[in-house]
Amino acid sequence: MERKIQKGFQGEKIISLPKQLLADYHGKFPSLFHLYITHIGYFPNARSHFRERPSGCSDNIIFYCTQGVGWIILGERKIILEANQFYILQATKSYICYGADSLSPWTIYWVHYKGEELSDFNAALKFKLSGEPRTIPYDPLLVSSWEHMYNCLELGYSMDNLCNANFSLFQFLAKLLFNNPVKPNPEDSQQHFSEESIRYMKDNIYKRITVEELAKRAFLSNSYFSNLFRSHTGMPPMDYFIHLKMQKACQLLFLNQNTIKEIAVILGYTDPFYFSRLFKRYMGSSPLQYRNNTKIMPVLEP
(Lines give C-alpha, C1' and ligand atoms only; values in the text may rest on other atoms or scores of the structure.)
Protein backbone atom coordinates (compact mmCIF):
# COMPACT_ATOMS: atom_id res chain seq x y z
CA MET A 1 0.00 0.00 0.00
CA GLU A 2 1.33 3.43 -0.96
CA ARG A 3 2.51 5.53 2.00
CA LYS A 4 0.69 8.86 2.28
CA ILE A 5 2.57 11.99 3.39
CA GLN A 6 1.58 15.59 4.10
CA LYS A 7 4.94 17.18 3.24
CA GLY A 8 8.60 16.38 2.74
CA PHE A 9 8.82 16.50 -1.06
CA GLN A 10 12.13 17.12 -2.77
CA GLY A 11 12.39 20.81 -3.65
CA GLU A 12 9.38 21.82 -1.59
CA LYS A 13 8.96 25.24 -0.04
CA ILE A 14 6.75 25.83 2.98
CA ILE A 15 6.22 28.56 5.57
CA SER A 16 3.72 28.47 8.43
CA LEU A 17 3.39 31.78 10.24
CA PRO A 18 3.25 31.76 14.06
CA LYS A 19 -0.36 32.08 15.21
CA GLN A 20 0.44 34.37 18.13
CA LEU A 21 2.47 36.69 15.91
CA LEU A 22 -0.46 37.05 13.50
CA ALA A 23 -2.88 37.58 16.38
CA ASP A 24 -0.66 40.33 17.82
CA TYR A 25 -0.31 42.14 14.49
CA HIS A 26 -4.02 41.79 13.78
CA GLY A 27 -4.86 43.18 17.21
CA LYS A 28 -2.59 46.21 16.77
CA PHE A 29 -3.29 46.92 13.09
CA PRO A 30 -6.71 45.45 12.17
CA SER A 31 -7.09 47.79 9.19
CA LEU A 32 -3.96 46.25 7.59
CA PHE A 33 -4.96 42.66 8.31
CA HIS A 34 -8.46 42.27 6.89
CA LEU A 35 -7.04 39.22 5.09
CA TYR A 36 -3.65 37.70 5.79
CA ILE A 37 -1.55 34.69 4.84
CA THR A 38 -1.25 31.94 7.43
CA HIS A 39 0.59 29.23 5.44
CA ILE A 40 2.20 29.16 2.01
CA GLY A 41 3.92 26.40 0.09
CA TYR A 42 5.09 24.76 -3.10
CA PHE A 43 5.05 20.99 -3.62
CA PRO A 44 6.76 19.83 -6.85
CA ASN A 45 5.86 16.39 -8.20
CA ALA A 46 4.19 15.66 -4.88
CA ARG A 47 3.95 11.88 -5.14
CA SER A 48 1.94 10.31 -2.30
CA HIS A 49 0.72 13.73 -1.12
CA PHE A 50 -2.32 13.35 1.12
CA ARG A 51 -3.87 15.65 3.71
CA GLU A 52 -7.04 14.98 5.67
CA ARG A 53 -8.97 17.58 7.65
CA PRO A 54 -11.98 15.92 9.36
CA SER A 55 -13.19 19.21 10.88
CA GLY A 56 -12.55 21.33 7.80
CA CYS A 57 -10.33 24.41 7.74
CA SER A 58 -10.89 27.98 9.00
CA ASP A 59 -8.75 29.34 6.14
CA ASN A 60 -9.43 29.72 2.46
CA ILE A 61 -6.96 27.54 0.55
CA ILE A 62 -5.74 28.33 -2.96
CA PHE A 63 -4.55 25.33 -4.99
CA TYR A 64 -2.77 26.30 -8.22
CA CYS A 65 -1.69 23.21 -10.20
CA THR A 66 1.00 23.66 -12.85
CA GLN A 67 1.70 19.99 -13.64
CA GLY A 68 0.12 16.59 -13.06
CA VAL A 69 -3.21 15.86 -11.43
CA GLY A 70 -4.62 16.06 -7.92
CA TRP A 71 -7.98 15.80 -6.22
CA ILE A 72 -9.95 17.49 -3.45
CA ILE A 73 -12.79 15.89 -1.50
CA LEU A 74 -15.28 18.29 0.07
CA GLY A 75 -17.95 16.43 2.01
CA GLU A 76 -19.15 13.78 -0.44
CA ARG A 77 -17.93 15.59 -3.53
CA LYS A 78 -14.67 14.86 -5.35
CA ILE A 79 -12.99 17.60 -7.42
CA ILE A 80 -10.25 16.80 -9.93
CA LEU A 81 -7.57 19.45 -10.43
CA GLU A 82 -5.34 19.29 -13.51
CA ALA A 83 -2.39 21.27 -14.90
CA ASN A 84 -3.08 24.97 -15.48
CA GLN A 85 -6.09 24.89 -13.21
CA PHE A 86 -6.77 26.43 -9.83
CA TYR A 87 -9.34 25.92 -7.13
CA ILE A 88 -10.09 28.07 -4.09
CA LEU A 89 -11.41 25.96 -1.26
CA GLN A 90 -13.49 28.24 0.94
CA ALA A 91 -13.25 28.01 4.72
CA THR A 92 -15.54 25.26 5.95
CA LYS A 93 -16.31 23.06 8.93
CA SER A 94 -17.14 20.12 6.65
CA TYR A 95 -14.82 17.19 6.11
CA ILE A 96 -12.13 17.82 3.50
CA CYS A 97 -9.11 15.97 2.22
CA TYR A 98 -6.89 16.37 -0.79
CA GLY A 99 -3.94 14.72 -2.43
CA ALA A 100 -1.96 13.86 -5.56
CA ASP A 101 -2.94 11.43 -8.28
CA SER A 102 -0.96 8.20 -7.90
CA LEU A 103 0.04 7.99 -11.58
CA SER A 104 0.62 11.68 -12.36
CA PRO A 105 1.15 13.55 -9.07
CA TRP A 106 0.47 17.25 -9.09
CA THR A 107 2.86 20.15 -8.71
CA ILE A 108 1.04 22.84 -6.75
CA TYR A 109 1.52 26.31 -5.40
CA TRP A 110 -0.77 26.80 -2.44
CA VAL A 111 -1.70 29.57 0.00
CA HIS A 112 -3.83 29.61 3.14
CA TYR A 113 -5.37 32.96 4.06
CA LYS A 114 -7.97 34.11 6.56
CA GLY A 115 -9.35 37.16 8.34
CA GLU A 116 -12.36 38.42 10.25
CA GLU A 117 -13.95 39.56 6.99
CA LEU A 118 -13.30 36.28 5.16
CA SER A 119 -16.97 35.25 4.99
CA ASP A 120 -17.97 38.65 3.57
CA PHE A 121 -15.06 38.46 1.12
CA ASN A 122 -16.19 35.02 -0.06
CA ALA A 123 -19.82 36.13 -0.33
CA ALA A 124 -18.88 39.19 -2.40
CA LEU A 125 -16.86 37.02 -4.82
CA LYS A 126 -19.45 34.27 -5.02
CA PHE A 127 -19.61 34.71 -8.79
CA LYS A 128 -15.87 34.03 -9.00
CA LEU A 129 -15.35 31.52 -6.19
CA SER A 130 -17.45 28.91 -7.94
CA GLY A 131 -17.54 25.27 -7.03
CA GLU A 132 -15.55 24.13 -10.05
CA PRO A 133 -11.83 24.27 -10.91
CA ARG A 134 -10.99 26.99 -13.40
CA THR A 135 -8.56 26.64 -16.30
CA ILE A 136 -6.26 29.58 -16.96
CA PRO A 137 -3.44 30.16 -19.45
CA TYR A 138 0.00 29.58 -18.00
CA ASP A 139 1.37 32.93 -16.86
CA PRO A 140 4.92 33.22 -15.47
CA LEU A 141 3.84 36.44 -13.75
CA LEU A 142 1.42 34.39 -11.67
CA VAL A 143 4.27 32.23 -10.38
CA SER A 144 6.35 35.37 -9.82
CA SER A 145 3.52 36.81 -7.76
CA TRP A 146 3.49 33.70 -5.56
CA GLU A 147 7.29 33.78 -5.26
CA HIS A 148 7.14 37.41 -4.17
CA MET A 149 4.80 36.51 -1.30
CA TYR A 150 7.02 33.61 -0.28
CA ASN A 151 10.26 35.61 -0.51
CA CYS A 152 8.83 38.40 1.64
CA LEU A 153 7.93 35.96 4.41
CA GLU A 154 11.20 34.08 4.05
CA LEU A 155 13.01 37.32 4.99
CA GLY A 156 11.27 37.40 8.36
CA TYR A 157 8.07 38.53 10.00
CA SER A 158 8.61 42.27 10.27
CA MET A 159 5.64 44.55 9.72
CA ASP A 160 7.00 45.56 6.30
CA ASN A 161 7.46 41.96 5.17
CA LEU A 162 4.02 40.87 6.34
CA CYS A 163 2.28 43.83 4.71
CA ASN A 164 4.21 43.32 1.49
CA ALA A 165 3.23 39.64 1.36
CA ASN A 166 -0.40 40.22 2.34
CA PHE A 167 -0.89 43.04 -0.15
CA SER A 168 0.64 40.81 -2.82
CA LEU A 169 -1.98 38.18 -1.96
CA PHE A 170 -4.58 40.43 -3.56
CA GLN A 171 -2.48 40.65 -6.71
CA PHE A 172 -2.17 36.87 -6.80
CA LEU A 173 -5.92 36.47 -6.36
CA ALA A 174 -6.61 39.06 -9.06
CA LYS A 175 -4.39 37.23 -11.54
CA LEU A 176 -6.27 34.01 -10.81
CA LEU A 177 -9.83 35.25 -10.60
CA PHE A 178 -9.83 37.83 -13.36
CA ASN A 179 -7.63 36.15 -15.93
CA ASN A 180 -9.32 35.38 -19.26
CA PRO A 181 -10.59 31.78 -19.20
CA VAL A 182 -9.28 29.36 -21.81
CA LYS A 183 -12.69 27.83 -22.41
CA PRO A 184 -15.33 30.04 -24.05
CA ASN A 185 -17.63 31.74 -21.62
CA PRO A 186 -21.29 32.39 -22.57
CA GLU A 187 -20.86 36.00 -21.49
CA ASP A 188 -17.76 36.61 -23.63
CA SER A 189 -19.78 38.03 -26.53
CA GLN A 190 -21.63 40.35 -24.18
CA GLN A 191 -18.38 41.49 -22.58
CA HIS A 192 -17.04 42.08 -26.09
CA PHE A 193 -19.84 44.57 -26.80
CA SER A 194 -18.82 46.67 -23.78
CA GLU A 195 -15.10 46.53 -24.58
CA GLU A 196 -15.73 47.43 -28.23
CA SER A 197 -17.94 50.33 -27.17
CA ILE A 198 -15.25 51.66 -24.84
CA ARG A 199 -12.69 51.50 -27.65
CA TYR A 200 -15.12 53.40 -29.89
CA MET A 201 -15.58 56.03 -27.16
CA LYS A 202 -11.83 56.49 -26.84
CA ASP A 203 -11.39 56.74 -30.61
CA ASN A 204 -14.11 59.41 -30.73
CA ILE A 205 -13.30 61.22 -27.51
CA TYR A 206 -13.42 64.60 -29.29
CA LYS A 207 -16.86 63.98 -30.78
CA ARG A 208 -20.40 63.76 -29.51
CA ILE A 209 -21.90 60.28 -29.53
CA THR A 210 -25.19 58.89 -28.22
CA VAL A 211 -26.49 55.70 -26.64
CA GLU A 212 -28.48 55.11 -29.80
CA GLU A 213 -25.29 55.20 -31.85
CA LEU A 214 -23.49 52.76 -29.54
CA ALA A 215 -26.45 50.39 -29.34
CA LYS A 216 -26.82 50.39 -33.11
CA ARG A 217 -23.16 49.45 -33.52
CA ALA A 218 -23.72 46.50 -31.16
CA PHE A 219 -26.98 45.49 -32.92
CA LEU A 220 -28.85 45.80 -29.62
CA SER A 221 -31.78 47.83 -28.36
CA ASN A 222 -30.94 51.00 -26.47
CA SER A 223 -32.25 49.69 -23.14
CA TYR A 224 -30.63 46.26 -23.41
CA PHE A 225 -27.30 47.75 -24.43
CA SER A 226 -27.39 50.25 -21.56
CA ASN A 227 -28.18 47.55 -19.00
CA LEU A 228 -25.48 45.27 -20.42
CA PHE A 229 -22.88 48.04 -20.45
CA ARG A 230 -23.69 49.05 -16.89
CA SER A 231 -23.47 45.47 -15.63
CA HIS A 232 -19.91 45.21 -16.99
CA THR A 233 -18.59 48.68 -16.10
CA GLY A 234 -20.70 49.83 -13.15
CA MET A 235 -21.68 53.00 -15.06
CA PRO A 236 -24.28 53.96 -17.71
CA PRO A 237 -22.73 54.40 -21.18
CA MET A 238 -22.99 58.19 -21.31
CA ASP A 239 -21.61 58.62 -17.79
CA TYR A 240 -18.66 56.47 -18.81
CA PHE A 241 -18.12 58.55 -21.96
CA ILE A 242 -18.25 61.78 -19.97
CA HIS A 243 -15.79 60.30 -17.49
CA LEU A 244 -13.38 59.58 -20.37
CA LYS A 245 -13.81 63.14 -21.64
CA MET A 246 -13.06 64.58 -18.21
CA GLN A 247 -9.90 62.45 -17.98
CA LYS A 248 -8.84 63.83 -21.37
CA ALA A 249 -9.67 67.34 -20.16
CA CYS A 250 -7.32 66.83 -17.22
CA GLN A 251 -4.52 65.91 -19.62
CA LEU A 252 -5.19 68.96 -21.81
CA LEU A 253 -5.32 71.29 -18.80
CA PHE A 254 -2.03 69.90 -17.53
CA LEU A 255 -0.09 69.60 -20.78
CA ASN A 256 -0.96 72.68 -22.82
CA GLN A 257 -2.01 76.30 -22.59
CA ASN A 258 -5.38 76.13 -24.33
CA THR A 259 -8.07 78.23 -22.69
CA ILE A 260 -10.94 76.54 -20.86
CA LYS A 261 -13.24 77.51 -23.74
CA GLU A 262 -10.84 76.01 -26.32
CA ILE A 263 -10.61 72.75 -24.37
CA ALA A 264 -14.40 72.59 -24.12
CA VAL A 265 -14.69 72.97 -27.90
CA ILE A 266 -11.95 70.37 -28.50
CA LEU A 267 -13.95 67.87 -26.44
CA GLY A 268 -17.22 68.61 -28.24
CA TYR A 269 -18.84 71.06 -25.80
CA THR A 270 -20.09 74.28 -27.40
CA ASP A 271 -21.00 75.80 -24.01
CA PRO A 272 -17.84 76.33 -21.88
CA PHE A 273 -19.92 77.01 -18.76
CA TYR A 274 -21.70 73.68 -19.10
CA PHE A 275 -18.31 72.02 -19.60
CA SER A 276 -16.96 73.68 -16.44
CA ARG A 277 -19.97 72.56 -14.38
CA LEU A 278 -19.60 69.03 -15.72
CA PHE A 279 -15.87 69.00 -14.99
CA LYS A 280 -16.43 70.14 -11.39
CA ARG A 281 -19.11 67.49 -10.86
CA TYR A 282 -16.78 64.69 -11.99
CA MET A 283 -13.40 65.98 -10.79
CA GLY A 284 -14.33 67.94 -7.65
CA SER A 285 -12.86 71.26 -8.79
CA SER A 286 -13.29 73.73 -11.63
CA PRO A 287 -11.03 73.40 -14.70
CA LEU A 288 -9.15 76.56 -13.68
CA GLN A 289 -8.63 75.30 -10.11
CA TYR A 290 -7.42 71.98 -11.46
CA ARG A 291 -4.93 73.69 -13.78
CA ASN A 292 -3.61 75.91 -10.98
CA ASN A 293 -3.31 73.02 -8.53
CA THR A 294 -1.39 70.83 -10.98
CA LYS A 295 0.80 73.53 -12.46
CA ILE A 296 4.49 72.61 -12.37
CA MET A 297 6.72 75.33 -11.04
CA PRO A 298 9.64 76.16 -13.39
CA VAL A 299 13.07 74.94 -12.39
CA LEU A 300 15.45 77.90 -12.00
CA GLU A 301 18.97 77.51 -13.33
CA PRO A 302 21.67 78.08 -10.66
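Atoms considered below: every heavy atom in the structure, side chains included; atoms not considered: hydrogens, waters and symmetry mates.
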### Query
For Y25 and S158, which heavy atoms make the closest approach, and how far apart are they?
OH-C, 3.6 Å
### Query
Taking the side chain as C-beta and beyond, is there a heavy-atom pair between F241 and I205 under 4.5 Å?
yes
### Query
Side-chain heavy atoms under 4.5 angstrom apart, residues restricted to Ile, Leu, Val, Met, Phe, Trp, Tyr: same cluster for Y206 and Y200?
yes
### Task
Write out all pairs satisfying salt bridge (Lys or Arg N to Asp or Glu O under 4.0 Å) with one or both partners inside residues 100-125, taking only residues at least two apart or from two chains.
D59-K114
### Query
Out of Y98, Y42, F86, Y109, which one pairs with F63 under the ring-ring contact (aromatic ring centres under 6.0 Å, His included) rule?
Y98
#### Entry: Under 3.5 Å donor-acceptor, N164 side chain and D160 backbone
no
### Message
Between R217 and S197 (side chain of the first, backbone of the second, donor and acceptor by atom type, cut-off under 3.5 Å), is there such a pair?
### Response
no
### Task
Dump the intermediate steps for side-chain hydrogen bond (donor to acceptor under 3.5 Å, both in side chains) on T38 and H112, then the final yes or no.
CA-CA 6 Å; T38 57; H112 286 233; 4.5 Å; no
### Parallel, tilted or perpendicular: ring planes of F9 versus H49, cut at 30 and 60 degrees
perpendicular
### Query
How far apart are the closest heavy atoms of S168 and S145, and which atoms are they?
O-OG, 4.0 Å
### Message
According to salt bridge (Lys or Arg N to Asp or Glu O under 4.0 Å), does anything in residues 197-215 pair up with another residue at least two apart or in another chain? List the pairs.
### Response
E196-R199
### Query
Can the ring centres of W110 and F43 be said to be less than 6.0 Å apart?
yes
### Query
Hey, does the side chain of N84 reach the backbone of T135 with a donor-acceptor pair shorter than 3.5 angstrom?
no
### Task
State, with a plain yes or no, whether a side-chain heavy atom of I108 is found less than 4.5 Å away from one of Y64.
no
### Distance in Å, S31 OG paired with H26 NE2, rounded so as to fall on 0.5 Å steps
9.5 Å
### Task
Taking the six-membered ring for Trp and the full ring for Phe, Tyr or His, determine whether the centres of Y36 and Y113 are under 6.0 Å apart.
no
### Task
For the residue pair I96 and C57, establish whether any side-chain heavy-atom pair is separated by less than 4.5 Å.
yes
### Query
If every non-hydrogen atom of V69 is compared with every non-hydrogen atom of I80, which pair is closest and at what distance?
CG1-CG2, 3.8 Å
### Message
Tell me the closest heavy-atom pair linking W106 and G70, and the distance in Å.
### Response
CE3-CA, 3.1 Å
### Query
Between L177 and R134, is a side chain to side chain contact (heavy atoms under 4.5 Å, CB included) present by the stated rule, with each step listed?
CA-CA 9 Å; L177 295 174; R134 288 181 55 191; 4.2 Å; yes
### side chain to side chain contact (heavy atoms under 4.5 Å, CB included) assessment of K28 paired with F33
CA-CA 9 Å; K28 293 178 182 178; F33 286 80; over 6 Å; no
### Message
Working note: N122 + I88, criterion side chain to side chain contact (heavy atoms under 4.5 Å, CB included); need CA distance, chi angles, decisive distance, verdict.
### Response
CA-CA 10 Å; N122 288 341; I88 299 180; 5.9 Å; no
### Task
Please answer whether the main-chain N or O of S223 pairs with a side-chain N or O of S226 as donor and acceptor at a distance below 3.5 Å.
no
### Query
Taking only residues at least two apart or on different chains, which pairs with a member in residues 147-171 satisfy ring-ring contact (aromatic ring centres under 6.0 Å, His included)?
W146-Y150
### Task
Could you tell me the separation between the CD atom of Q171 and the CE atom of M149, rounded to the nearest 0.5 Å?
8.5 Å
### Task
Only pairs at least two apart or in different chains count here, so list each salt bridge (Lys or Arg N to Asp or Glu O under 4.0 Å) that has a residue in residues 258-275.
none
### Query
With no hydrogens and no angle check, is any side-chain donor or acceptor of D239 less than 3.5 Å from a backbone partner on M235?
no
### Query
Any side-chain heavy atom of Y240 sitting closer than 4.5 Å to one from I198?
yes
### Q67 CD to S104 OG distance, which is reported to the nearest 0.5 Å
8.5 Å
### Query
Is a donor on one side and an acceptor on the other found under 3.5 Å between the side chain of N166 and the backbone of I37?
yes
### Message
Apply the hydrophobic cluster definition, ILVMFWY joined by side-chain contacts under 4.5 Å directly or through others, and give me every member besides L141.
### Response
none
### Message
Determine whether L81 and I79 satisfy the following criterion, side chain to side chain contact (heavy atoms under 4.5 Å, CB included), listing intermediate values before the conclusion.
### Response
CA-CA 6 Å; L81 196 65; I79 300 157; 5.6 Å; no
### Query
Roughly how far apart are I40 CD1 and I14 CD1, rounded to 0.5 Å?
10.5 Å
### Task
To the nearest 0.5 angstrom, please state how far the CZ atom of F172 sits from the NZ atom of K175.
10.5 Å
### Query
Got Y87 and I61 here, is their nearest side-chain heavy-atom distance under 4.5 Å?
no
### Query
Taking the side chain as C-beta and beyond, is there a heavy-atom pair between F275 and T270 under 4.5 Å?
no
### Message
Does Q20 form a side-chain hydrogen bond (donor to acceptor under 3.5 Å, both in side chains) with D24? I'd like the steps, not just the answer.
### Response
CA-CA 6 Å; Q20 189 57 51; D24 290 344; 2.8 Å; yes
### Query
Under the 3.5 angstrom rule, does the side chain of T107 hit a backbone N or O of N45 as a donor-acceptor pair?
yes
### Query
For Y95, is the NZ or CZ atom of R53 found under 6.0 angstrom from the centre of its six-membered ring and inside 45 degrees of the ring axis?
no
### Query
Any donor-acceptor pair under 3.5 Å linking the side chain of R47 with the backbone of S102?
yes
### Task
Measure the shortest side-chain to side-chain distance between S276 and I260 over non-hydrogen atoms and say whether it is less than 4.5 angstrom.
yes
### Task
State, with a plain yes or no, whether a side-chain heavy atom of Q251 is found less than 4.5 Å away from one of K248.
yes
### Message
Taking salt bridge (Lys or Arg N to Asp or Glu O under 4.0 Å) as the cut-off, I'd like each qualifying pair that reaches into residues 73-95, sequence neighbours left out, listed once.
### Response
R77-E132
### Task
Identify the two heavy atoms, one from R291 and one from L252, that lie closest to each other, and give their separation to 0.1 Å.
NH2-O, 3.8 Å
### Query
Which heavy atom of L220 sits nearest a heavy atom of Y224, and at what distance?
CD2-CD2, 3.7 Å
### Query
How far does CG of N161 sit from SG of C163, to the nearest 0.5 angstrom?
9.5 Å
